[in-house]
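Read through the structure below, which is laid out as structure tokens, and then see the notes.
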Amino acid sequence: IGVVSLAPRATRSQTSSLESFGGTWALGNTARNRRDLEQGIDSVADQMNLFIREIARGEMHRRIRPDRRVTIRVESETRVSLGIDEWGPHRFEVGSAMARLPGPAGAPIRASLAFRDGRLIEREIHGQGDRTNVFTLTSDESHMTMAARIGSNQLPDDIRYRLTYTRIR
């Protein structure tokens, strides 16, 4: 199934806000970050069949690790490079159709990047599911929140969590 991003292309008036995302961001080592990720996983595991619940919970906790570093480089008003931990950086045409890229584990994925309403939105489609990361900045632009949603037809619901990052450069 092909998916096309319907996000509008970034315009000149959006560029200053888009440029504000540029930099390297480090995950805050906070109890809130750990708790939010754990609760996102546990809320989905709790909806599973009693016989597989704990096995699935352990597997999700093992596989879904918090992204420690996000690097965003705004090259122009329509081109952005994004790197998350060891994945990337990959260059995106903002608001364009999904591109085929190597995924974080090396398997091919389709991914896109959009800028809408002051948020940077990264979408990925993997072999067994999809993921959306929505990045927003605090008003002083010193912190960035990533709201993640992970979906799969093997899960009873989407896994949702938020992580907060601090700008380090």
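- Judged as a salt bridge (charged side-chain N to carboxylate O under 4.0 Å, His left out), the pairs with a partner in residues 159-169 (not counting sequence neighbours) are, in order, Asp158-Arg160.
- How far OG1 of Thr132 is from CD1 of Ile125: 8.5 Å, rounded to the nearest 0.5 Å.
- For the pair Asn49 (side chain) and Phe51 (backbone), a donor-acceptor distance under 3.5 Å is present.
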Test side chain to side chain contact (heavy atoms under 4.5 Å, CB included) applied to Met48 and Leu155, step by step: CA-CA 8 Å; Met48 295 180 154; Leu155 298 173; 3.6 Å; yes
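- Note that OG of Ser20 and CD1 of Ile72 are 10.5 Å apart. Values are rounded to the nearest 0.5 Å.
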Arg123 vs Ser112, side chain to side chain donor-acceptor pair (under 3.5 Å): CA-CA, chis, key distance, verdict: CA-CA 5 Å; Arg123 295 189 61 225; Ser112 67; 5.0 Å; no
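- Hydrophobic clustering, with ILVMFWY side chains joined whenever heavy atoms are under 4.5 angstrom apart, groups Leu82 together with Val74.
- Salt-bridge check for Arg57 with Asp42: passed, with a basic side-chain N closer than 4.0 Å to an acidic carboxylate O.
- Put simply, OG1 on Thr166 and CG on Asn29 are 10.5 Å apart, with the number rounded to the nearest 0.5 Å.
- Note: Ile150 CD1 to Tyr161 OH = 4.0 Å, rounded to the nearest 0.5 Å.
- Within the 4.5 Å cutoff, side-chain heavy atoms of Arg149 are placed close to those of Asp130.
- Arg79 and Glu93 are joined by a salt bridge, as a carboxylate oxygen and a charged side-chain nitrogen come within less than 4.0 angstrom of each other.
- Two different hydrophobic clusters hold Ile121 and Ile109 under the rule that ILVMFWY side chains link at heavy-atom gaps under 4.5 Å.
- Counting only distance, with no hydrogens or angles, the side chain of Ser81 and the backbone of Arg73 share no donor-acceptor pair below 3.5 Å.
- Pairs passing the ring pair (Phe, Tyr, Trp, His ring centres under 6.0 Å) check and including a residue from residues 64-96, sequence neighbours excluded, read Trp87-His90.
- Contact detail for Arg119 and Thr136: the closest heavy-atom pair is CG-CG2, 3.3 Å.
- For Asp67 (side chain) and Asp85 (main-chain N/O), no donor-acceptor pair under 3.5 Å exists by modelled atom type.
- Counting heavy atoms of neighbouring residues, nucleotides and ligands inside a 6.0 Å radius, atom CD of Gln128 does not exceed 12 of them.
- Following chains of ILVMFWY side-chain contacts shorter than 4.5 Å, one cannot reach Val134 starting from Leu113, and the two form parts of different hydrophobic clusters.
- Of the charged side-chain nitrogens involved, none lies within less than 4.0 Å of a carboxylate oxygen, so that Arg35 and Glu38 do not count as a salt-bridged pair.
- Other residues, nucleotides and ligands contribute at most 12 non-hydrogen atoms within 6.0 Å of the CZ atom of Arg32.
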Derivation and outcome, side chain to side chain contact (heavy atoms under 4.5 Å, CB included), residues Thr30 and Thr164: CA-CA 9 Å; Thr30 65; Thr164 300; 5.9 Å; no
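- Arg69 approaches Tyr165 most closely through the heavy-atom pair N-CE2, 4.5 Å.
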Steps toward side chain to side chain contact (heavy atoms under 4.5 Å, CB included) verdict (Trp25, Leu137): CA-CA 11 Å; Trp25 303 86; Leu137 297 175; 3.5 Å; yes
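- Taking CG of Leu163 as the reference point, atom CZ of Arg68 lies at 9.5 Å (rounded to 0.5 Å).
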From CA spacing to verdict: side chain to side chain contact (heavy atoms under 4.5 Å, CB included), Glu122, Ile84: CA-CA 11 Å; Glu122 186 239 349; Ile84 300 176; 4.0 Å; yes
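- Between the side chain of Asn133 and the backbone N or O of Met146 there is no donor-acceptor pair closer than 3.5 Å.
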